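Below is one structure, written out as structure tokens; comments come after it.
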Amino acid sequence: MRPPQPLGAGAHPVPPRGCQLLSQLQPEEALLPLPSRVSRALRALVYWPAAALASVMNFSEVFKLSNQLSKFSPNGKFLASCVQYRLVVRDVSTLQIFQLYTCLDQIHHLEWSADSLFILCAMYKRGLVQVWSLEQPEWHCKIDEGSAGLVASCWSPDGRHILNTTEFHLRITVWSLCTKSVSYIKYPKACQQGISFTKDGRYMALAERRDCKDYISLFVCSDWQLLRHFETDTQDLAGIEWAPNGCVLAAWDSCLEYKILLYSLDGRLLSTYSAYEWSLGIKAIAWSPSSQFLAIGSYDEKVRILNHVTWKMITEFGHPATINNPKIVVYKETEKSQNLEMENLPFPPTKAAASSLFNTETKYEVASSPVSLQTLKPLTDRPNPKIGIGALAFSPDNCFLATRNDNIPNAVWIWDIQKLKLFVVLEHLSAVRSFQWDPQQARLAVCTGRSQVYLWSPAGCVSVQVPAEGDFQILSLCWHQSGDSMALLSKDQLCLCYLENEGVK
Amino acid sequence: MGDWKTITVPIPSSESKNISQFTSETNMSPSSLYSQQVLCPSLPLAKSVHNFFRAFCTEENVDQSISYLDQEQLETSRREMIGLQERDRQLQGKNRNLHQLLKNEKDEVQKLQNIIASRATQYNHDMKRKEREYNKLKERLHQLVMNKKDKKAAMDILNYVGRADGKRGAWRTGKTEARNEDEMYKVLLSDYEQRQKQILLENAELKKVLQQMKKEMISLLTPQKQKPKEKTEDIPGTVLSDVEEDTAELSKENMWELSCETVREQLTNSIRKQWRILKSHVEKLDNQVSKVHLGGFKDEEVISRQDHEQETEKLELEIQQCKEMIQTQQQLLQQQFTATCDDDTSSLLQDCYLLEEKERLEEEWALFKEQKKNFEKERRSFTEAAIRLGLERKAFEEDRAGWLKQQFLNMTSFDSKNSENGKPQSAFSGSSDQDNLTLHSKPGQKSCSVSSGSSVRASKLTKSLPVSPSASELFQTIRHMSENSSSSVLNVAVEDTKPNQVGRECPAQKWSVASRSDSQEGGCSGSRSLACTDWSIEHGDGLP
């Protein structure tokens with residue numbers, strides 16, 4: 001038994017490797033998951049309002065977690081999660097531990113290879129990357145960047161190369177797991193989003209900075225050959241992102257200037273778009289899954305949507321604090337009164353019921369128009385003001401766009417892309433931490449740092465209390481690829497939530 | 001007067017005090033008083049002015065005062081004008097100021113923008129300088145860290161794994177480069193192909209929709225083609241021929257596959273034309289609908305606006321006439337009353353009988369009128385008969401002259417014709433008999449008409465109409481009279497209900513009917529619309 005140790009700069013615990021660790025696990029973790037752990041005793045019957053679709057939501061037991069590091073494998077079979085220096089891989093269907101790996105230090109970054117065979121764990125403080133094989137638990141690989149340091153690490157799409165960015169963005173080292181070869185890419189740009197791979201994994205775009213000018217290099221991932229290299233007409237390139245079809249690359253300037261450039265795969269500049277001058281510009285962008293639309297969120301609290309034919313603006317969505325249109329449904333999260341709940345409490349109180357005493361349950365109510373949303377006054381004398389569209393995402397069917405205006409932090413705006421207008425606004429009691437669309441359908445999951453997970457679909461929306469002991473503050477979430485479950489992550493815990501559609505009644 | 005003109009007009013901005021001061025110097029002038037009164041905004045101004053003028057204006061100085069007044073008016077208007085000019089000047093000044101301000105603001109904005117721009121360039125320059133320094137440092141660091149053959153930077157791997165695609169890594173050569181290029185272009189090409197396919201599909205769909213629309217438009221427009229064509233001359237016949245042409249073209253479905261520019265142009269043009277026709281048609285329909293809405297009637301059939309207006313005008317005119325008539329009737333009645341009983345006391349005494357008496361009088365008056373008319377008629381017929389008699393007598397005289405002549409000739413020539421002349425003798429006697437008859441018939445006729453007059457009186461009592469020729473004659477005259485008067489509706493009603501009461505004045509009759517309707521309706525004033533009178537007429541029909 002090892003008590004959790006504080007990780008000092010000098011004294012790093014060196015835990016033993018692999019399966020030896022099993023005996024050293026803390027009791028509640030050492031016990032192999034019993035069927036009862038997976039029995040999903042904690043059930044939350046959820047009836048989606050407005051639709052006759054009744055859904056049952058089951059919640060798994062809570063697992064330990066650190067740094068919110070938990071990821072489903074791309075093939076959907078496994079769930080990897082980190083507990084300090086340990087990497088735990090569970091079978092998604094049973095939640096039994098499939099593999100356990102011990103790294104050399106506290107893990108800062110975790111990533112599955114595209115073929116779900118390898119996992120890399122980056123330990124930035126030590127400049128180390130450890131790679132584990134799922135098929136061969138005894139196989140190991142350690143990459144040490146040495147004195148160059150490490151600030152970022154990622155897989156190449158083929159799952160056989162690892163790209164490590166050194167400190168000060170001196171270079172990117174491409175390590176191969178197949179050969180001894182090591183490649184270096186010089187002058188990577190330190191920016192918001194400097195590397196982007198096409199969805200098919202064939203090409204990589206990299207933002208570069210040489211002689212005070214921005215460049216973009218396009219590489220063929222299979223042999224790391226430089227395909228194109230061109231200068232961009234930007235003051236300070238902030239990010240690049242491929243369209244899902246892999247043929248158009250969007251590059252946007254820093255927030256000092258509203259400018260977005262669109263390049264073809266062969267390096268031709270297709271179009272440039274700028275909405276305004278002087279004031280702060282682009283904050284976030286999102287491609288629609290069909291590559292048909294490019295949504296640009298900016299500091300002026302607007303989202304502008306460009307089309308893929310002319311690359312001109314189709315429409316712009318403003319995010320005002322008051323919603324007057326009665327056609328727009330505004331769901332407001334409100335606290336349920338506790339008294340009513342008390343009467344329904346079973347005796348003796350179950351753990352879940354007891355925990356619900358501490359966490360006030362909430363529900364959505366339809367607010368009558370006009371609705372004024374809670375706003376945050378941004379501090380103009382500070383950099384990176386909390387204003388503008390900081391997050392936006394298209395639904396997988398291209399029908400909806402979810403956005404968050406950072407100075408109305410409690411609200412998620414859902415736009416109907418077919419009609420190009422606002423559809424629904426969800427206002428919560430706390431600031432929205434993250435939201436993610438179900439990969440299979442137009443269903444949005446939202447978390448706000450409270451112990452509720454919020455789900456919206458065109459049929460309605462619901463707020464579900466996580467029936468966990470204590471306060472389970474959901475800071476982020478990620479969907480399983482099937483859309484049947486999602487992982488809810490708190491500061492130091494993980495809980496799986498299963499959504500079972502019982503069909504239309 | 002003289003000093004009046006020398007008064008310098010005060011600046012309007014300087015207040016009324018000034019004016020009163022100036023004017024008060026001229027005591028004799030009316031302007032002093034007047035202007036003071038004008039300046040004080042009291043209500044009884046007109047009155048006081050009037051009084052003042054009465055005092056001021058006397059017989060001898062009418063001309064003088066008129067000229068005073070003229071000058072007065074001139075002066076006030078001049079003052080007003082100057083005031084307005086001053087205001088205009090002030091406003092213009094203000095406007096100029098505002099323009100100046102705006103210009104200043106614009107300049108300020110421009111200046112600020114320039115400042116921002118210059119700051120931005122300065123910032124960029126500084127950034128570049130710093131970045132260069134930073135790059136130098138990076139380069140140095142790179143040399144220090146990387147070139148030292150850092151042993152630590154290494155990969156510790158158990159064994160190399162196979163590639164994901166199972167192939168062995170190929171050497172990087174010129175060939176691979178070319179292959180990569182090829183593949184990239186392939187990817188791009190396939191994307192463009194896909195997009196083109198999508199666009200083609202979309203285009204085809206749109207064309208289909210367009211075709212469908214065109215078909216429907218044609219089918220919609222062809223049956224009504226004649227109508228809009230006839231009505232609106234501006235649509236040329238070419239369109240019609242175009243439509244026909246297009247229908248012919250429609251059969252050629254392959255045309256859509258061509259998608260060349262000429263076909264496109266043709267299609268868009270024809271669609272546009274048809275659309276214009278449809279639009280004009282819809283607009284026309286809209287107009288009709290709006291007309292119906294404006295009419296506000298629930299009638300199923302559409303009443304044209306003009307008809308409706310004409311009708312209302314007519315009705316209004318009628319109402320106006322009715323009102324006028326009622327008024328005249330009232331006046332006449334009052335006159336009558338005042339004439340009959342100008343003495344107040346007697347009228348007071350007779351007041352209680354007045355209503356009954358009035359009615360009775362009216363009836364009698366009507367009767368009297370009728371009789372008078374009859375007499376008139378009879379007199380006329382009598383004169384006619386007299387004229388006829390005169391004519392006959394003349395003819396007889398001529399006859400007799402001829403006969404005497406013949407007789408004389410006969411007497412002188414042949415005796416044998418005596419037998420023949422016996423007849424004319426008898427004829428003479430016959431004619432004299434006739435003459436006698438006509439002479440006798442006159443009093444007979446007269447008596448008859450008198451009796452008819454009495455029968456009318458009797459009919460009034462029995463309330464049944466005697467069918468005597470004189471009575472019918474009477475009705476005809478009455479009708480003739482009533483037709484001459486304007487409001488036929490009321491008169492007809494009167495004739496139908498109480499034809500015998502057609503008395504001294506038709507207007508009076510009408511008034512009585514109207515007043516009856518008033519009393520029956522209770523509170524329905526004389527100025528009520530036609531509906532009211534209509535109702536009363538209907539009701540009147542039901543009356544015995």
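Proteins come first, then strands; the chains are lettered A, B, ... in the order of their sequence lines, and each starts at number 1. What you see below is based on every heavy atom in this structure, not just the backbone, and it leaves out hydrogens, waters and symmetry mates. Please read all numbers here as calculations on a predicted model, not as lab measurements.
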- Item | Under 3.5 Å donor-acceptor, W175(A) side chain and M155(B) backbone |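 Judged by distance alone, no pair lies under 3.5 Å.
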
- Message: Using a 3.5 Å distance criterion without hydrogens, assess whether the side chain of R195(B) forms a donor-acceptor pair with backbone atoms of H308(A).
- Response: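 Indeed, once roles are kept as given, a pair shorter than 3.5 Å links the two residues.
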
- Message: Under 4.0 Å between a side-chain nitrogen and a carboxylate oxygen: does that hold for E131(B) and R210(A)?
- Response: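 No salt bridge links E131(B) with R210(A).
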
- Item | Cationic N near anionic O, under 4.0 Å, E181(B) to R228(A) |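 Here E181(B) pairs with R228(A) in a salt bridge, since their nearest N and O are under 4.0 Å apart.
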
- Message: If you apply the rule side chain to side chain contact (heavy atoms under 4.5 Å, CB included), what do you find for M127(B) with Q235(A), and how did you get there?
- Response: CA-CA 11 Å; M127(B) 278 295 283; Q235(A) 283 288 323; over 6 Å; no

- Query: Is there a side chain to side chain contact (heavy atoms under 4.5 Å, CB included) between V187(B) and L265(A) once you walk through the steps?
  - Reply: CA-CA 9 Å; V187(B) 167; L265(A) 180 59; 3.8 Å; yes

Quick check on [X] against chain A: is it the side chain, the backbone, both or neither that has a heavy atom closer than 4.5 Å?
X: Q194(B); result: neither
X: N180(B); result: both
X: A117(B); result: both

- Contacts of type side chain to side chain contact (heavy atoms under 4.5 Å, CB included), residue N245(A), not counting sequence neighbours: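 Checked N245(A) against side chain to side chain contact (heavy atoms under 4.5 Å, CB included); matches are A243(A), C247(A), S291(A), D191(B).
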
Contacting region of [X] [heavy-atom separation from chain B under 4.5 Å]:
X: D236(A); answer: neither
X: Y203(A); answer: side chain
X: K180(A); answer: both
X: L256(A); answer: side chain

- Message: Is there a side chain to side chain contact (heavy atoms under 4.5 Å, CB included) between F168(A) and L137(B)? Walk through the geometry before answering.
- Response: CA-CA 10 Å; F168(A) 309 111; L137(B) 278 172; over 6 Å; no

Any side-chain heavy atom of [X] sitting closer than 4.5 Å to one from [Y]?
X: L188(B); Y: S264(A); result: yes
X: Y185(B); Y: D266(A); result: yes
X: F118(A); Y: V161(B); result: yes

- Query: Taking non-hydrogen atoms and a cut-off under 4.5 angstrom, which of residues 214-222 of chain A neighbour chain B?
  - Reply: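 Within residues 214-222 of chain A, the residues that come under 4.5 Å of chain B (heavy atoms only) are V220(A), S222(A).
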
- Task: Could you check which of N124(B), L141(B), N159(B), I116(B) has the highest count of heavy-atom pairs closer than 4.5 Å to chain A?
- Result: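 Of the candidates given, the most pairs with chain A belong to N159(B).
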
- Query: In terms of heavy-atom pairs under 4.5 Å, which option from M184(B), E183(B), Q113(B), E139(B) contacts chain A the most?
  - Reply: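 Option with the greatest count: M184(B).
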
- Query: chain B: which of L177(A), V309(A), D115(A) shares the most heavy-atom pairs with it under 4.5 Å?
  - Reply: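 Option with the top pair count is L177(A).
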
- Task: Using a cut-off of under 4.5 Å on heavy-atom pairs, state which of C141(A), C178(A), A114(A) scores highest against chain B.
- Result: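 Max contact count across the listed options: C178(A).
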
- Message: For Y187(A) and K138(B): C-alpha separation, side-chain torsions, deciding distance, then whether side chain to side chain contact (heavy atoms under 4.5 Å, CB included) applies.
- Response: CA-CA 10 Å; Y187(A) 313 112; K138(B) 258 170 96 172; over 6 Å; no

